[in-house]
Amino acid sequence: MTDLILASASPRRAEILRQIGVAFQIVPADIDETPMSQELPTDYVRRMAREKTQHVIDSIAGSSTVVLGADTSVVLGCKIYGKPKNQDEGMSMLADLSGKTHQVLTAVAMGNKQSCVLKLSATDVKFRDLDPEECLKYWKTGEPLDKAGGYAIQGMGAVFIEKISGSFSGVVGLPIEQTSQLLQTFNVPIWDL
């Protein structure tokens with residue numbers, strides 16, 4: 001059996017792997033996640049997923065170990081919305097997304113000492129018009145603080161969603177379709193309970 005390491009501290013990514021019966025260990029990748037000047041959102045999430053994976057491969061992975069790294073960004077136009085640093089930033093993000101369709105990009109990289117393969121999931125998410133007062137109430141729940149774009153589709157933020165086109169699990173942080181393809185490529189079993 002191939003050992004799998006999840007290069008992320010995200011409880012949501014861990015839960016998705018458990019959901020499909022994958023055995024893994026967690027070793028978060030501590031890297032600089034600052035976008036480069038003029039970097040396109042798709043290039044950014046791909047680079048982040050690859051760098052997280054490679055960082056863990058380089059630091060601890062043995063020859064039979066496979067590492068999975070992922071990155072999720074909320075994108076409106078060409079602007080990348082990461083995790084809000086404070087209430088003002090969180091409220092601003094929700095105001096920007098209000099009544100609009102944005103994209104959630106999640107790149108998944110899987111690799112070992114020999115190779116690294118990357119896949120990208122792009123999902124369109126349409127927000128209904130949001131009232132500033134409800135955005136403030138939502139902020140006060142604490143949920144938006146560690147979420148890209150300042151909301152959680154799998155949590156209380158689901159009430160903002162009018163329509164989704166694409167991968168729900170990709171918006172949560174780990175697209176099951178692309179991840180299962182990569183697991184198969186690297187002979188990591190699913191449903192292995």
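All figures in this text were calculated on a predicted structure; none of them were measured in a lab. What you see below is based on every heavy atom in this structure, not just the backbone, and it leaves out hydrogens, waters and symmetry mates.
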Indicate, with yes or no, if [Y] and [X] share a hydrophobic cluster defined by side-chain heavy-atom contacts under 4.5 Å among Ile, Leu, Val, Met, Phe, Trp and Tyr.
{"X": "Ile176", "Y": "Leu6", "result": "yes"}
{"X": "Val108", "Y": "Val172", "result": "yes"}
{"X": "Val117", "Y": "Ile190", "result": "yes"}

Can you name the nearest heavy-atom pair linking [X] to [Y], along with the distance?
{"X": "Gly99", "Y": "Asp129", "answer": "CA-OD1, 3.2 Å"}
{"X": "Val171", "Y": "Val104", "answer": "CA-CG1, 3.7 Å"}
{"X": "Ser169", "Y": "Pro175", "answer": "OG-CA, 3.4 Å"}
{"X": "Pro189", "Y": "Val22", "answer": "O-CG2, 4.0 Å"}

Subject >> Any residue meeting salt bridge (Lys or Arg N to Asp or Glu O under 4.0 Å) with Glu134, in chain and number order, not counting sequence neighbours >> reply: Arg128
**OP:** Could you tell me which residues satisfy salt bridge (Lys or Arg N to Asp or Glu O under 4.0 Å) with Glu162, sequence neighbours excluded, listed by chain and number?
**Re:** Lys126
Original post:
In terms of heavy-atom contacts, does NZ of Lys137 have more than 12 from other residues, nucleotides or ligands at under 6.0 Å?
Top reply: no
Original post:
Under 6.0 Å from the CD atom of Gln38, do we count more than 12 heavy atoms belonging to anything else shown?
Top reply: no
Output a table of donor-acceptor pairs, distance under 3.5 Å, between side-chain atoms of residues 147-159 and any protein atom two or more places apart or on a different chain; print 'none' if there are none.
{"unit_1": "Lys147", "atom_1": "NZ", "unit_2": "Glu143", "atom_2": "O", "d": "3.1"}
{"unit_1": "Tyr151", "atom_1": "OH", "unit_2": "His102", "atom_2": "NE2", "d": "2.7"}

Judged by atom type as modelled, is there a donor-acceptor pair below 3.5 Å linking the side chain of [X] to the main-chain atoms of [Y]?
{"X": "Thr185", "Y": "Gln181", "answer": "yes"}
{"X": "Thr65", "Y": "Asp3", "answer": "no"}
{"X": "Lys113", "Y": "Ile57", "answer": "yes"}
{"X": "Ser73", "Y": "Val45", "answer": "no"}
{"X": "Thr53", "Y": "Gly111", "answer": "no"}

Distance-only check: which donor-acceptor pairs under 3.5 Å involve side-chain atoms of residues 7-16, not counting sequence neighbours?
{"unit_1": "Ser8", "atom_1": "OG", "unit_2": "Ser10", "atom_2": "N", "d": "3.0"}
{"unit_1": "Ser8", "atom_1": "OG", "unit_2": "Arg13", "atom_2": "NH1", "d": "3.3"}
{"unit_1": "Ser10", "atom_1": "OG", "unit_2": "Arg12", "atom_2": "N", "d": "3.2"}
{"unit_1": "Ser10", "atom_1": "OG", "unit_2": "Arg13", "atom_2": "N", "d": "3.1"}
{"unit_1": "Arg13", "atom_1": "NE", "unit_2": "Gly173", "atom_2": "O", "d": "2.7"}
{"unit_1": "Arg13", "atom_1": "NH2", "unit_2": "Thr72", "atom_2": "OG1", "d": "3.1"}

For a quick test of your reading: what N or O donor-acceptor pairs under 3.5 Å do the side chains of residues 25-35 make, sequence neighbours left out?
{"unit_1": "Asp32", "atom_1": "OD1", "unit_2": "Thr34", "atom_2": "N", "d": "3.0"}
{"unit_1": "Asp32", "atom_1": "OD1", "unit_2": "Thr34", "atom_2": "OG1", "d": "2.6"}

**OP:** Give the intermediate values and the outcome of side-chain contact (heavy atoms from CB on, under 4.5 Å) for residues Leu183 and Met110.
**Re:** CA-CA 8 Å; Leu183 291 166; Met110 194 172 293; 3.6 Å; yes
Subject >> For Gln54, all residues meeting side chain to side chain donor-acceptor pair (under 3.5 Å), sequence neighbours excluded >> reply: Asp58
Original post:
Taking C-beta and beyond as the side chain, do Asp96 and Lys79 meet within less than 4.5 Å on heavy atoms?
Top reply: yes
